[in-house]
Colleague: 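Starting off with a structure, shown below.
Chain identifiers are assigned alphabetically (A, B, ...) following the order of the sequence lines, protein sequences preceding nucleic acid strands; residue numbering begins at 1 within each chain.
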Amino acid sequence: MPKDNGIGASPKRREDVRFLTGRGQYTDDIKLKNQCQAMFVRSQVANGVIKSIDTSVAAGMPGVLAIFTGEDFTEVGGNPAGWLINSRDGEPMKEPKRPVLAHGKVRHVGDAYAAVIAETHEQALDAAEAIDADIDELPAVIDMADALANTDNLVHDEIETNQCFDWGWIEDNRAATDEAIKNAPHVTTLELVNNRLVPNAMETRASTGDYNPGTGDYTLYTTSQNPHLTRLLISAFVMGIPENKLTIIAPDVGGGFGSKIYHYGEEALVLAASKKLGRPVAWTATRSEAFLTDAHGRDHKTTIELATDKEGNFLAIRTSTLANVGAYLSNFSTVTPTFLHGTVISGNYTVPHIYVNLKAVFTNTAPVDAYRGAGRPEATYSVERVIDKCARELGMSPLEIRRKNFIKKEQFPFATAAGLEYDSGDYHALVDKLEEIADFKGFAARKAESASRGLLRGLGVNTYVEACGLAPSNLAGVLGARVGLFEAATVRVNATGNISVMTGSHSHGQGHETVFPQLVADMLGMSADDIDIVHGDTSKIPFGMGTYGSRSMSVGGSAIVKATEKIIDKASKIAAHMMEAGEGDIEFNDGVFSVTGTDKSVSFPEVAFKAYVPHDYPHDKLEPGLEETAFYDPANFTYPSGAYACEVEVDPETGKVTVCSMAAADDVGNVINPMIVEGQIQGGLGQGIGQALVENCVYNDDGQLLTGSYMDYTMPRADDLPFFTTDQTTLTPCTHNPLGAKGCGEAGAIGSPPTVINAVVDALSDLGVTHIDMPASPARVWAAIQAAS
Amino acid sequence: MHNFDFEKPSTVADAVAALASEDAQALAGGQTLIPTLKQRLAAPSKLVSLTGIADLQGISHSDGVLTIGAATTHVEVAAGGYGSLSVLAGNIGDPAVRNRGTIGGSLANNDPSADYPAAVLATGATINTNARSIKADDFFDGIFTTALEEGEIITSVAFPIPEASCYEKFEQPASRFALVGVCVAKMAGGVRVAVTGASEEGVHRWREAETALNANFSADAIADLSVSADGLISDLHGTPKYRANLVKVLTARAVANC
Ligand SMILES: Cc1cc2nc3c(=O)[nH]c(=O)nc-3n(C[C@H](O)[C@H](O)[C@H](O)COP(=O)(O)OP(=O)(O)OC[C@H]3O[C@@H](n4cnc5c(N)ncnc54)[C@H](O)[C@@H]3O)c2cc1C
């Protein structure tokens, strides 16, 4: 096996050659012949009744080809939620229709109620400005508690409530949990906010619809993390275009963080417009539109209680959460705050009793859905913050209380009270590793040195475990999923021995084109350079559930392994035929088939050639060709875990927090490409620090987005981040997938927000501060210091 | 962006003439104006570029006065080694902004969070235009408003060189404009303290601090002063109280670092 590009090697990312030389091909780079432009007319108010829309002036303006309003889509379906969640009383969730264009009512600032198609972008914009809508503004439903209390003011009149569902997990555990908390010697309670975030992928959303009147085929070029899922949603739910008549092509995708999982109305509109005009119709979101209409992330308000005995042994955890789902249910919006959140409330710990209550609330804001980590950061933050508070109350060190309650290595597989079975992990070893890389011993001296400069230094630690590698379809089905969550791959060996791998895991920046060939190269004993990945085009790949939930390696990679195993199987048969040996006598090592106990051998390329030039084939026993497809459905989630430490300095005069260091010991299972894993971890840490310190999406009471541009929405920048100290060597392989890989895409973003806040609170603890909400902005930290002193 | 005519004159006189037509507007670095046009918040009929006028370029130094042409970019000032003024210019925006944005554009725009106005007011600089010279104390007229008449062009800014000066900027986390910025300058005629970012009235002097610092130029001198939160800006990034605190903290730091 060529060690430089097999499993465990870190070849440079081959996709970067085109990205760094400007040769990437993003949706907006695709200019089809005769293409025209779509422009959306969006609501300026958060909640309002559409009285009338006068398009007559706009229709007569130069270059205008067509105008659509909600009226034009009353016959087509709504964009559905992917999971059906039932309330505690057994009632199914409320699922109001999400139309292509708003009809009757607008429900958030940015909600599109009309679209103009014109020859040029500027003409479309001019005409869009000339559309005169009479919209009766209603009071906006913004605050979640108000939304539940005040049913006079509704986001969706037809459901007569602003509550989507009231979910209990696990309802049968409720009484025992209440009892355990009632009788516990010590209960720590914490109210906290998991701040709302805007995903901010570097590439904004874009879609081009292309209907071919000659064949009746539709093609949609779009910014998607999962083209097949988009096809399924458009075909089966929204527009009824048969799947065989609809091709979705997501070319290079410039980031997503979840926001490009979902199907959006703009995609349906450009398809419908192209059908009507017989011309390609293109649209690219401005950054302002991205702020207003990409599905946002997080936005939970939680009360968490941790019950312990006097020695700090965990007895029970109870949480009560309001989760914002925005104005419409986006595709993963109902599973994210429920099963991706409630099931990991046990963290890395043995907690005998757990009960999670979560109410999902409609508000006049953009839809909220999965964003890097999706539910698990919210859970981790709540749990790791309350443990920190508890440790302080009990006078224990934050590491001591955690070590005391960790699930022990020998307890795996471990079934938690929150309904999951963790397959493997070694949390004590992770914390030991963290102690080694974070230099806890030197902290006191560093704190004193900071103090000499008038700065307060704090040390925060925490651990995390998450459930990813979405997902076992049978379990997902029981929990309400309306789709399966397997992955598909085809390995096509060409006659000349090189390989194309069709994968349903579509990259939006992760490096699939580099890392997937490493798997196949390793298994077939060939060079990764002779293997290419095909992805992002429903006409070229068998099927795919896409890239999210840290599933590409553990599920997508496993499908590739399965397909490659089938290739080896078939190639062995061909080799047996070529060497006139029994199939059972064939061995395959390092790209060479040999007959056991003889010196006969044939190479993999020779076998590939024979597969396509089957002159002397026993056609009754062997089919020509060498191409295999496998679908892989995981047996369980995977459970990456980690232990993080962070040191901050707080300037008490200004409230400014500086992150001085961040150490991360992660167990992501077996690592295929260490460089790419490192990049994923670092990116996640950056995003987590961003959430903890700077990012915040804010609507005012009228539902206007106050953070609608980079003038007010703070992205973490390089100088906000320290150099990271990372380690992925403390690993316990996943026990149920062929690679032993667990996933690394979301880990950093899940684990790090509580680390930062624990450090900030530690820095301020001498002043009496016990909690501070994210983001710990200078103004907020300063106010907390003032309030405490 | 709406359509507009474009002129690039090479003399101030031609620029003044070009600006005489209705709805014409001067364009310098475009770092404020172009985004405004792109969002269709302004629709001038004509843009008159000032970047081709040699008289508006360059920096000269004589008789204790530093004169900066209005179309001089931030990056040129940053690279010039002019003490705290260069530091100030070097912390405006990002490299792209500094390579295009100009001192004249910044002053004409008078954004309440801009940096240059603090230095101009703290040093008591003079703003020269095609028609007259305006004292800093008379130039800034509340946020986004100045003493400039319609069509009047800033040609240069003359800074008397201070004995000592320091600009302390506390960045608004998202935009990295000044959440509050304080410029302290020890001038021949006494200490001047100018504050940007804080007030709903825009850049202003903190006279109590000036008095205290004239008596005793040390950070301690202002320890007993308090800054009223009345009339200070309230937004996502800071309450009036927080800004009042920053005014005092930054003034003390500026004095200490002078
Ligand atoms: C991303 C970003 C970050 C920024 N960060 C900062 C920051 O940290 N601190 C800060 O202070 N500023 C910041 N700015 C603003 C920047 O300094 C601008 O350059 C400045 O505000 C305007 O200068 P300009 O030359 O680009 O002017 P333009 O945008 O060309 O013009 C601005 C206005 O001034 C008028 N004008 C221009 N020149 C003259 C003249 N000579 N006489 C009369 N009127 C004139 C124009 O007609 C227009 O009305 C930032 C801008 C951006 C885009």
Colleague: Contact part of A:T654 toward chain B, heavy-atom cut-off under 4.5 Å: side chain, backbone, both or neither?
Modeller: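 Contact with chain B is through both the backbone and side chain of A:T654.
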
Colleague: With a sphere of 6.0 Å drawn around CD of B:E163, does it hold more than 12 non-hydrogen atoms of other residues, nucleotides or ligands?
Modeller: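 Atom CD in B:E163 is crowded, with more than 12 foreign heavy atoms closer than 6.0 Å.
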
Colleague: Please say whether more than 12 non-hydrogen atoms of neighbouring residues, nucleotides or ligands are located less than 6.0 Å from CZ in B:R205.
Modeller: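 Yes, enclosed.
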
Colleague: Could you look at A:E129 and say if it's the side chain, the backbone, both or neither that has a heavy atom under 4.5 Å from chain B?
Modeller: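 The side chain, not the backbone.
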
Colleague: What do you reckon, is CG of A:D701 surrounded by more than 12 foreign heavy atoms closer than 6.0 Å?
Modeller: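 Open: at most 12 neighbouring heavy atoms sit under 6.0 Å from CG of A:D701.
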
Colleague: Indicate the atoms forming the closest heavy-atom contact of A:A779 with B:G238, along with that distance.
Modeller: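 Reported closest heavy-atom pair: CB-CA, 4.0 Å.
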
Colleague: Considering only NZ, NE, NH1 and NH2 on the basic side and carboxylate oxygens on the acidic side, decide whether B:R176 and A:D719 come within less than 4.0 Å.
Modeller: yes

Colleague: What's the shortest heavy-atom distance between A:W782 and B:K241, and which atoms?
Modeller: CH2-O, 3.8 Å

Colleague: Pick out which of A:L706, A:T714, A:N696 makes a side chain to side chain contact (heavy atoms under 4.5 Å, CB included) with B:L236.
Modeller: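 The passing option is A:L706.
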
Colleague: Output the distance between atom OH (B:Y242) and atom CD (A:Q786), rounded to the nearest 0.5 Å.
Modeller: 10.5 Å

Colleague: More than 12 non-hydrogen atoms from neighbouring residues, nucleotides or ligands closer than 6.0 Å to CD on A:E122, yes or no?
Modeller: yes

Colleague: State whether the number of non-hydrogen atoms from other residues, nucleotides or ligands found under 6.0 Å of B:D224 atom CG is greater than 12.
Modeller: no

Colleague: Are A:E653 and B:N245 packed together at the side-chain level, in the sense that at least one heavy-atom pair is separated by less than 4.5 angstrom?
Modeller: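 Side-chain contact under 4.5 Å: no.
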
Colleague: For each of A:V694, A:D126, A:L693, tally heavy-atom pairs with chain B at distances under 4.5 Å, and name the one with the top tally.
Modeller: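 Among the listed options, the one with the most contacts to chain B is A:D126.
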
Colleague: By a 4.5 Å heavy-atom criterion (distance strictly below it), what part of A:P778 contacts chain B: side chain, backbone, both, or neither?
Modeller: both

Colleague: How close do A:R717 and B:S175 get, counting heavy atoms only, and between which atoms?
Modeller: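 Residues A:R717 and B:S175, closest heavy atoms: NH2-N, 4.4 Å.
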
Colleague: Picking from B:K248, B:R253, B:M1, which has the most non-hydrogen pairs under 4.5 angstrom with chain A?
Modeller: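 Highest number of pairs under 4.5 Å: B:R253.
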
Colleague: On a heavy-atom basis, which atom in A:D712 and which in B:A174 lie closest, and how many Å separate them?
Modeller: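 Heavy atoms of A:D712 and B:A174 come nearest at C-CB, 3.5 Å.
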
